[in-house]
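See structure below.
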Amino acid sequence: MEKVVRATLVSNAGLLVEYSGVKILVDAIYHTTDPFTNPPKAVWSAMLAGEHPFDGVDTLLFTHNHPDHFSPEWLKEYIWHRPVRRVFLPTMESRCEENLKIFLEDHGIWWTHFTPGMQMEDFSIPGGIEIRPYFTRHIDKSYWNVPHSCYLITIGKKSIFLTADVDYTKERFEQLSQVHIDVAFINPLFFSALQTGTFFKGILKPDIFCIYHVPSQRDDRWKIRSLLSHNLRQWNPSKGKIAVLDKPYQYVEV
């Protein structure tokens with residue numbers, strides 16, 4: 001029987017990706033004051049305690065250095081409680097990066113960070129998993145100077161694509177045109193562009209579009225959830241299947 005890949009929402013754009021006992025946290029260790037939702041205290045406590053499903057996390061992966069995706073301070077706290085084998089760091093300010101690298105080395109943790117020169121190169125980790133960075137601009141022009149990467153994660157015979165805060169108005173994903181993607185994770189604004197046919201002029205045709213990076217009702221001062229609900233009602237199923245992860249512990253399987 002073919003093994004299943006499960007992606008469980010931690011909060012915001014944070015995911016726990018699982019396959020055959022290998023567990024990867026992506027953008028799940030962060031703390032933000034922006035209008036995005038932090039992990040609930042109970043979820044963060046479960047992560048630090050290694051409670052199921054957060055037991056045995058092996059790898060940490062981050063798309064970019066923004067506080068709703070990555071926090072050096074919270075990463076250190078996590079590692080004090082739950083040592084991991086490897087960390088893929090985002091590019092950050094040099095002094096902060098150097099201090100964090102020393103911390104990781106002192107704890108015997110292997111680290112690296114992808115650079116634009118590694119565009120679309122595969123990096124293998126144990127368990128039959130390959131991680132391929134796809135460097136793109138951030139959607140917000142004021143953050144174009146912040147290195148940002150999407151990730152294609154190939155797990156067994158399945159592939160998932162994480163778009164984080166990609167600039168979908170410019171990115172066409174030509175380099176992925178021949179890649180079969182089982183599920184692509186997109187934020188509500190990207191989904192809106194797909195629904196209306198406005199702004200996004202590229203090609204992205206996964207089996208499933210999974211919408212994440214959705215603020216909680218309490219934090220939703222930009223009315224993102226209302227926009228999402230509207231676009232879900234208007235969506236033409238011929239464009240692809242839809243899944244929504246907007247609460248901790250919801251998951252999608254492929």
Side-chain angles (χ1 to χ4, degrees), residues 2-10 12-30 53-54 56-66 69-70 75 78-79 82-92 97 100-101 104 109-138 146-166 171 173-187 204 206-208 210 212-213 245 251-254:
E2 189 173 348
K3 296 176 181 177
V4 171
V5 178
R6 173 180 288 193
T8 302
L9 185 71
V10 177
N12 197 46
L15 294 171
L16 172 67
V17 179
E18 303 176 69
Y19 173 75
S20 190
V22 179
K23 298 187 178 185
I24 306 171
L25 281 174
V26 186
D27 283 354
I29 300 175
Y30 69 95
F54 303 112
V57 171
D58 170 272
T59 300
L60 307 180
L61 180 64
F62 301 94
T63 60
H64 61 297
N65 183 23
H66 274 172
H69 293 260
F70 171 72
L75 175 58
Y78 181 84
I79 288 173
R82 312 300 309 171
V84 297
R85 293 183 179 179
R86 62 190 67 83
V87 179
F88 293 90
L89 295 171
T91 301
M92 64 193 88
E97 183 174 293
L100 185 53
K101 289 175 179 177
L104 294 173
I109 298 171
W110 180 93
W111 61 265
T112 191
H113 60 76
F114 292 116
T115 63
M118 301 166 69
Q119 177 84 302
M120 295 295 286
E121 291 186 11
D122 289 327
F123 190 95
S124 299
I125 65 173
I129 298 173
E130 292 186 341
I131 301 172
R132 182 184 298 178
Y134 186 77
F135 284 87
T136 64
R137 290 196 313 203
H138 192 284
V146 177
H148 175 280
S149 57
C150 304
Y151 289 113
L152 179 69
I153 305 179
T154 303
I155 307 175
K157 297 181 180 180
K158 304 293 184 179
S159 291
I160 64 175
F161 187 50
L162 309 174
T163 65
D165 293 335
V166 64
E171 184 53 58
F173 302 109
E174 291 98 335
Q175 291 172 286
L176 296 172
S177 61
Q178 302 302 313
V179 177
H180 177 260
I181 298 173
D182 290 277
V183 55
F185 288 83
I186 61 176
N187 64 38
L204 188 61
D207 292 344
I208 303 171
C210 188
Y212 75 150
H213 209 332
L245 302 184
Y251 63 86
V252 62
E253 290 183 337
V254 294

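Throughout, residue positions are numbered sequentially from 1 according to the sequence presented. All values below come from the heavy atoms of this structure, side chains included, with hydrogens, waters and symmetry mates left out.
Separating the OG1 atom in Thr163 from the CD1 atom in Ile186 is a distance of 6.5 Å, to the nearest 0.5 Å. One distance of note links NE2 of His113 with OG of Ser149; it measures 11.5 Å at 0.5 Å rounding. Between the CG atom in Leu162 and the CD1 atom in Ile131 there is a gap of 9.5 Å [rounded to 0.5 Å]. From Thr154, atom OG1 reaches atom OH of Tyr19 across 11.5 Å, with rounding to the nearest 0.5 Å. From Phe185, atom CZ reaches atom CG of Leu15 across 5.0 Å, with rounding to the nearest 0.5 Å. One finds the CZ atom of Phe114 at 11.0 Å from the OG1 atom of Thr91 (value rounded to the nearest 0.5 Å).
Looking at Tyr212, its side chain does come within 3.5 Å of a backbone N or O of Ala164 through a donor-acceptor pair. Put simply, the side chain of Thr63 never gets that close to the backbone of Cys150: no donor and acceptor are under 3.5 Å apart. Side chain of Glu18 to backbone of Arg6: no donor-acceptor contact under 3.5 angstrom is found.
Residues Ile129 and Thr59 fail the side-chain proximity criterion, which asks for heavy atoms closer than 4.5 Å. A heavy-atom distance below 4.5 Å is found between the side chains of Val84 and Ile109. Under the 4.5 Å side-chain criterion, counting only non-hydrogen atoms from C-beta, Leu100 is not in contact with Trp111. You'll find the side chain of Pro126 stays beyond 4.5 Å of the side chain of Val22, heavy atoms only. Annotation: side chain of Val5 is not in contact with side chain of Asp182 (no heavy-atom distance under 4.5 Å). When side chains are defined from C-beta on, Glu97 does not count as touching Asn65, because their heavy atoms never get closer than 4.5 Å. Contact check for His180 versus Asp207: side-chain heavy atoms found under the 4.5 Å cut-off. Looking at heavy atoms from C-beta onward, Glu171 lies in side-chain contact with Tyr134 at the 4.5 angstrom threshold.
Among all heavy-atom pairs drawn from Gly14 and Leu9, the shortest one is O-CD1, 3.4 Å. Taking each heavy atom of Glu121 and Pro133 in turn, the nearest pair found is O-CD, 3.1 Å. Between Phe135 and Thr115, the closest heavy-atom pair is CE1-O, 3.0 Å. Heavy-atom minimum distance, Gly56 versus Lys23: O-CB, 3.9 Å.
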Item to complete: List the steps, then state whether side chain to side chain contact (heavy atoms under 4.5 Å, CB included) holds for Leu25 with Leu61.
Response: CA-CA 6 Å; Leu25 281 174; Leu61 180 64; over 6 Å; no
Using the side chain to side chain contact (heavy atoms under 4.5 Å, CB included) rule, take Asn187 and Asp165 through it: C-alpha gap first, then chi angles, then the decisive distance, then the call. CA-CA 7 Å; Asn187 64 38; Asp165 293 335; 3.9 Å; yes
**Prompt:** Run the side chain to side chain contact (heavy atoms under 4.5 Å, CB included) check on Arg82 and Phe54 step by step: do they pass?
**Reply:** CA-CA 10 Å; Arg82 312 300 309 171; Phe54 303 112; over 6 Å; no
Side chain to side chain contact (heavy atoms under 4.5 Å, CB included), that's the test. Do Val4 and Lys158 meet it? Break it down for me. CA-CA 9 Å; Val4 171; Lys158 304 293 184 179; over 6 Å; no
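Between His64 and His148, the angle of the ring planes lies from 30° to 60°, which puts this pair in the tilted group.
Here the two rings, on Tyr151 and Phe88, have centers that are 6.0 Å apart or farther.
For His213 and Asp27, the side-chain atoms include no donor-acceptor pair closer than 3.5 Å.
The side-chain contact (heavy atoms from CB on, under 4.5 Å) with Arg85 is formed by just one residue from the set Asp58, Leu60, Val57; it is Asp58.
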